[in-house]
Amino acid sequence: MPSIISNTVDTHLIESGKMQLECLELAGRTLDRYITADNSRPSFLEITGIAALRTPTCSGLNAGDYRNLAAILKHPNLSQLKILNKVPLPPEIMEHFAHMQCHCLMGVFPEISRVWLAIDSNIYVWAFEHGSDVAYFDGLGETIVSVGLVKPKTGVFQSFVKYLLVLTTTVEIVVLGVTFSSSKNDTSSEFQEIHLVPEPVFVLPTDGVSMMCVKSNAKGRIFMGGKDGCLYEITYQAQLGWFGKHCKKVNHSTSALSFLVPSFLNAALYDEDAIIKIEIDNSRHILYTLSEKGCIEVFDLGADGESLSKVVRLSQGKIVSSAMDIVKTLEANNFKPVVAISAVDESESEHLNLVAVTQTGARLYFSTGSGDASQGASQRPQYLTLLHVRLPPGFTPNASVLKPKQVHSAVYENGSLVMVCSAGGGGEAETLWCLSRAIPGGVAFSEAHTVLALDGPAWALTALPPKHDANLSPALLSKKEAWCVSRWAVVTGAGAALVAAGAAPDLLRALLRDCGGPDAAPVRDFFQMQTAEQACASALRLACEEPPAEVALREWAARALLLYGSQPQLHQLPQHPQHSQHSHLYYQPSHPSQPSHVPSSLGSPKFSPRQMSTPMTLRGAQGQIHQGKLNQSYQGQMNQSFPGSPNQSLMPQSPFHQNVMSPTPFNQSSFMSSPQQRDPSFPIQVEYSAKHNGLYIYIGRILAPIWNLKCVTKSSTPDNKEFMCSKVTGEDCAYIAQKLQRVCAFMQRTLAPPHSDEHASLHALKLFIMMAIEMLSLWKVLCEHQFHVIAASLPPDQQSALQAASFRELLVGGQEVACLLLSSLVAGYLRDNASVDGISQKLRQLCPTLYRQEDATCSKANELLMFAKQQKNPAEKEEMLQHALKLCKDVAPIVNLPLVCSKLISAGFYSGIVELCVACANKLDPQDKALHYYRSDQPSQDREGHILYFKRMEIYREVGNALERLYERSSETSGSEYSPRRPMSPSVSDAMLTLSPADANYQGRKLVWECLSCNDELLHIAVYEWLVSKNLGAELLSLGAAPPPSLRSFLAGAARAASGSRALQLLDLLWKVLEKSGDHLAAADVLEGLATRPGSGATLAQRMSWLSAGVVCVRGAGAGAGGGGGGGELLRRLEEAAEVARVQAAVRAAAAALPRHLQPPPPHMQRLDDELLEITQLYEEYADRYNLWECKLAIVQCSGHNDALLVENIWSNILAEAEAASRPLPTGDERLASVLSKLTTLGREYVHTGHCFPLYFIVRQLEIMSCKLQADKSMVYRTILNIGVSIEQVLDIYIKLVSVNERVWLGCGDETHVCGVAARLMQAARADLAPLPPAPRRRALARCKDLHEAALSALQARPNTQELIDKLTVAQAHLDRMD
């Protein structure tokens, strides 16, 4: 399409664009280094010295291991711990303390921000942040022993059951459902008002063992620690068939035969050591338990978290002995007892698994592997090895801090330890200790310690999850924030206290407020302690993120940044990035301002046509960028114009110019590059201040969650069609863009001298931030406009590149692909015949650089050009037709409509007919009274509506006449059916007689589409009636877009009025329309009615097809067994009906195969087609009455009915019928082979069903038949193996057959038949066992030996068996050599 805007090339604009593109790449590479340094943290093995010494180590004995922040900064009021909120116990709960009889427990549910209190048999739950929303449960008769909150498994309960509350007493375990209802006044929080479902979900007996603690993993498994020292689990599952829900208690600490030993003997033989705490590492799927006597036990939950096996158990003595081996100078009392354990997430440390805290405050760091740093972190737990001992404060020489005493609660999380200590001497005062790496110590293990007095004994100490924006996606939350504030809830008798350990910005905020500005010495000391770069990043966060009301604080932070961050430092750029030194909260990268190459980005697909192939360019003394050589693909793009604006636009051309008006498509090579490595001998020195580096650090931390994240991910539709969807949501983009906008506003002030290297670098960063804001704003708009449709319209090579690219490549060099996405977005509006004015205005506001005013103007012009292109008429005739149409619309409805429309048909201007008819109808009935009359079921009292309705239908008859003419013309050679729709072709301007049938077909489809595109429901009705009268209703489904909403109501009303096959056709069309409209549940409802309606004339095959389509519809709507809105129940009904229909089809086929005199009467056979019967009717009236044994088996399997005697009877009859059918065969082998063929057919269908395939019974019956027929002894077991039964199962069956030694074999004619089969089986086992892995082969060989011994035992008491004994002995000898 020719451009309406000049493409004249301006040389100075091209040069300006080149410089700005190089600025983006400069900022992107510098951010690469800072983000890489931020992520390159020394491991736990490095900071503890284990990696260097390759042996367990200890710390806490040196003077620098513990430091006091207040002393370092000379500010006595500074404390890392801060009480954010104190909430007393609710008044209604305080009243119940007076009535307490014997027992009281308290704790915290951090998942839902609630505190719980158990008084005797009652439990109370309330919100600890504001003390309101009190919920209680008093339905227990015994004292509560332990409490736990569980996130249930998906698909087991209804979606409104968010959690399960597990309450244990001495006699029972009660599981309650927990639901939430949103507040009417405030719906910003996920959990508003809590409700405990009074009716328990599960109730289980404790069997005399009290459960001391309850814990669940991320997959919803419920574990409990018993007073007997055993680990228990509550297993539960969704409803199965007709038998309801299943729940049971499993003991994982005892063997399968433990039930044989009476409980009183267990109590006498074993010393009880109750489990008091359970911790679970959900990242590695490992479970740890701590007993009352300080023993730690490790359980492996499997790689998928679904299994469980015991790994190791360490007693307190072994733990103390291991600690004494590492710290030889201290007494053993310092390492016992263990009072708390905490699992360590894999994201924190690859080799550290567990931290145990003793009563003296010593920390014991354990690994479940060997502790070797060279081993991978993905190995399953094998041991529990003590790697490091960390002594508490007070053990260093000349320590001025008292040692913690009587630690009774401790939590370790993300490198910070918080513990509650009593003062000793029986006093009630307790203190809260916090030990964290808040002081930069490089690779040394240095911690800050803070002590906070509590207002009473602590009942519970729990770590709280970090606070996040509720609208952020998991993709953004998966990366831990560098300045994450750790929070804990401390529950005392007075209430709940919310305590936080501040990060660096929080400490700086406290210093600025206490000192009244940045000029005080403590603030200066803070910048020296944290290093100026890290402190500048903290100050920048305060200056940008503090609330607007904190004007003074924001200004103080900005002054501190300029005051202490302006001193430049001279750095020489190295060849490779050096390892950064840092701590958990703060760290200092070694020369973070130095450029380096990031291997992960080299050679990867990047939206980077401006990627430089020479070393990074730097501004010289005059502030100009020394340009490197751009790659040729980008230079080839420079013949397009650049927009000139005072703020220096970053885009070389507009999306409309490049992607719509330009005839050359954009290809993947335009943003592919081959970056080259820097010459290591090339020395460069740059001067950057700390505030410069702090800015890059802060921007890097804002963008870190998405920097290396893939832009898109692939998903699949139910019919396995792949499409692209965004990895992040629009809310994520808005969240990051808002942070960047605050930084951009801050950078408006002068931060560096003009014409300096630092000014050039900050200018590049500012341009990058502005472009990143526009990119993220555009991405947000794309996410709001069906991203998968927009991305699918890109060229294939662009789609492949977009799938491989990260947000780093998009933000740095993705402007061209952004143009393509913009063009696709605007084109979508044009395809939908929607105005682009609104979206153009929005894009101009959000991304003015990417989408300029000229682009908006071109989009509107393109809208008009596309309409003209669709007509393809000569200019003069088109102008005349349009003018004539305008005049007709001006005078409507006073116009000779039939005459005008006939002339428009002759001219081939069919769209004009639609426009004229709609205009006439609108002016005739401006208030849509006719539409109200139609929607009200045409009441006879509404005379005015009746008259207007028939007048409008008379107008629309002209549209029907045009459709009739086109239909008759298209049917002259192609028959009465429309041919498949072909691509859009030029409009035809000749008379009707000059149209070919194919062109008439095309024009007819086009006219239908134009009618349905109009916002006139009565016009839609007229078109629908015409299509249905011609049996062309299905053609509505072939249109490119979703069917209009009016089609649904029309089809529903027409189906109600019709009968017989006509109603079936309309309903069949209705569900397809609903499905295409996206209303899958409504479509499934229609399909269910079609399939289950008796006497409708539909066949059983049609009903099965409708049921299958209904299942697909419900699943396409996203409903499952626990889905909301009735989808789950509908899916269950459809699936059950489909399964019963398949059984009914089998019954019908089996009944039809019977001899004619044994078949059911014709009415009964017809009934199988006319309606869907219940499973009980199929069994009683057909399968049982006419001895359809295979159908009986299918019905038993379908119903889930477990009746072993019934199943054995069915199989007896199936085998008997097969044996009777084989009697004409001459030999025993052939007769048995015929029976086994039937078994093979059924066995492959039922072998894995369990109760429907009684393997031992079937093999016994077949061997009896084989013995009677004197057939080959290997035929039976060979068939059993062929249908999928393992060799081990076969061996077990024959061991049982030989061991039972029944007399039935004597009656069959061969007393040693089974032993002979055993000999043949053992001879053939060699070939079957050879390919097996070692472990299964050893198990099978052991079973072979058992079979050999059983056979010898059976044969020794019988005469004339020596030859068989020799065969068995020889076969066993061969098998022994395989072991």
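Please read all numbers here as calculations on a predicted model, not as lab measurements. We're numbering straight along the sequence, starting at 1.
No side-chain N or O of W483 forms a donor-acceptor pair with one of D506 less than 3.5 Å apart. In this structure, a donor-acceptor pair under 3.5 Å is present between the side chains of R33 and T30. Remark: the E545 side chain and the Y698 side chain contain an N/O donor-acceptor pair separated by less than 3.5 Å. With hydrogens and angles left out, the side-chain atoms of Q530 and S538 include no donor and acceptor closer than 3.5 Å.
If you take NZ on K727 and CG on L476, they are separated by 12.5 Å, rounding to the nearest 0.5 Å. To the nearest 0.5 Å, atom CD1 of residue I697 and atom CD of residue Q534 are 4.0 Å apart. Distance check: Y688 OH to E758 CD gives 8.0 Å after rounding to the nearest 0.5 Å. We find the OG-NE2 distance between S756 and H763 to be 12.0 Å, quoted to the nearest 0.5 Å. Rounded to the nearest 0.5 angstrom, N693 CG and C536 SG are separated by 8.5 Å. Expressed to the nearest 0.5 Å, how far OG of S689 lies from CG of L762 amounts to 7.0 Å.
A475 approaches L709 most closely through the heavy-atom pair CB-CD2, 4.2 Å. The shortest heavy-atom contact between A557 and A539 is CB-O, 3.4 Å. Here the closest heavy-atom approach between residue K710 and residue Q803 is recorded as CD-O, 4.1 Å. Taking each heavy atom of R554 and P547 in turn, the nearest pair found is CD-O, 3.6 Å. What you find for G415 and E447 is that their closest heavy atoms are O-OE2, 4.1 Å. L811 and Q815 get closest at one heavy-atom pair: O-NE2, 3.6 Å.
Legend: ring-ring contact (aromatic ring centres under 6.0 Å, His included) pairs involving residues 538-564, not counting sequence neighbours, sorted by first then second residue: F527-Y564.
Looking at residues two or more places apart in sequence or on another chain, you find no ring pair (Phe, Tyr, Trp, His ring centres under 6.0 Å) involving Y735. Remark: S347 pairs with D345 by the side-chain contact (heavy atoms from CB on, under 4.5 Å) rule, at least two apart or across chains. F746 is linked by a ring pair (Phe, Tyr, Trp, His ring centres under 6.0 Å) to nothing, counting only residues two or more places apart in sequence or in another chain.
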Please report, to 0.1 Å, the donor-acceptor pairs under 3.5 Å made by any side chain of residues 514-526, with sequence neighbours excluded.
{"unit_1": "D514", "atom_1": "OD2", "unit_2": "H75", "atom_2": "NE2", "d": "3.1"}
{"unit_1": "D519", "atom_1": "OD1", "unit_2": "R559", "atom_2": "NH2", "d": "3.4"}
{"unit_1": "D519", "atom_1": "OD2", "unit_2": "R559", "atom_2": "NH2", "d": "2.9"}

Enumerate donor-acceptor pairs with a distance under 3.5 Å from any side-chain N or O in residues 764-780 to protein atoms, sequence neighbours excluded.
{"unit_1": "K766", "atom_1": "NZ", "unit_2": "Q748", "atom_2": "OE1", "d": "3.2"}
{"unit_1": "E774", "atom_1": "OE1", "unit_2": "T849", "atom_2": "N", "d": "3.1"}
{"unit_1": "E774", "atom_1": "OE1", "unit_2": "L850", "atom_2": "N", "d": "3.2"}
{"unit_1": "E774", "atom_1": "OE2", "unit_2": "T849", "atom_2": "N", "d": "3.4"}
{"unit_1": "E774", "atom_1": "OE2", "unit_2": "T849", "atom_2": "OG1", "d": "2.7"}
{"unit_1": "S777", "atom_1": "OG", "unit_2": "I773", "atom_2": "O", "d": "2.7"}
{"unit_1": "W779", "atom_1": "NE1", "unit_2": "S726", "atom_2": "OG", "d": "2.8"}
{"unit_1": "K780", "atom_1": "NZ", "unit_2": "E784", "atom_2": "OE2", "d": "2.6"}

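Between the S761 side chain and the D757 main chain, no donor and acceptor come within less than 3.5 Å of each other. Of the possible polar contacts, none joining the R509 side chain to the L542 backbone as a donor-acceptor pair under 3.5 Å is found. For the pair E348 (side chain) and N414 (backbone), a donor-acceptor distance under 3.5 Å is present. Between the side chain of D732 and the backbone N or O of T729 there is at least one donor-acceptor pair closer than 3.5 Å.
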key: Test side chain to side chain contact (heavy atoms under 4.5 Å, CB included) applied to K739 and C544, step by step   = CA-CA 8 Å; K739 286 180 172 289; C544 297; over 6 Å; no
task = Test L508 against R541 for side chain to side chain contact (heavy atoms under 4.5 Å, CB included), laying out the working first.
result = CA-CA 10 Å; L508 180 59; R541 174 167 179 169; over 6 Å; no
inquiry  = If you apply the rule side chain to side chain contact (heavy atoms under 4.5 Å, CB included), what do you find for L31 with V812, and how did you get there?
reply    = CA-CA 10 Å; L31 284 172; V812 174; over 6 Å; no
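Using the six-membered ring where Trp is involved, Y696 and H692 have ring planes that are tilted, between 30° and 60° apart.
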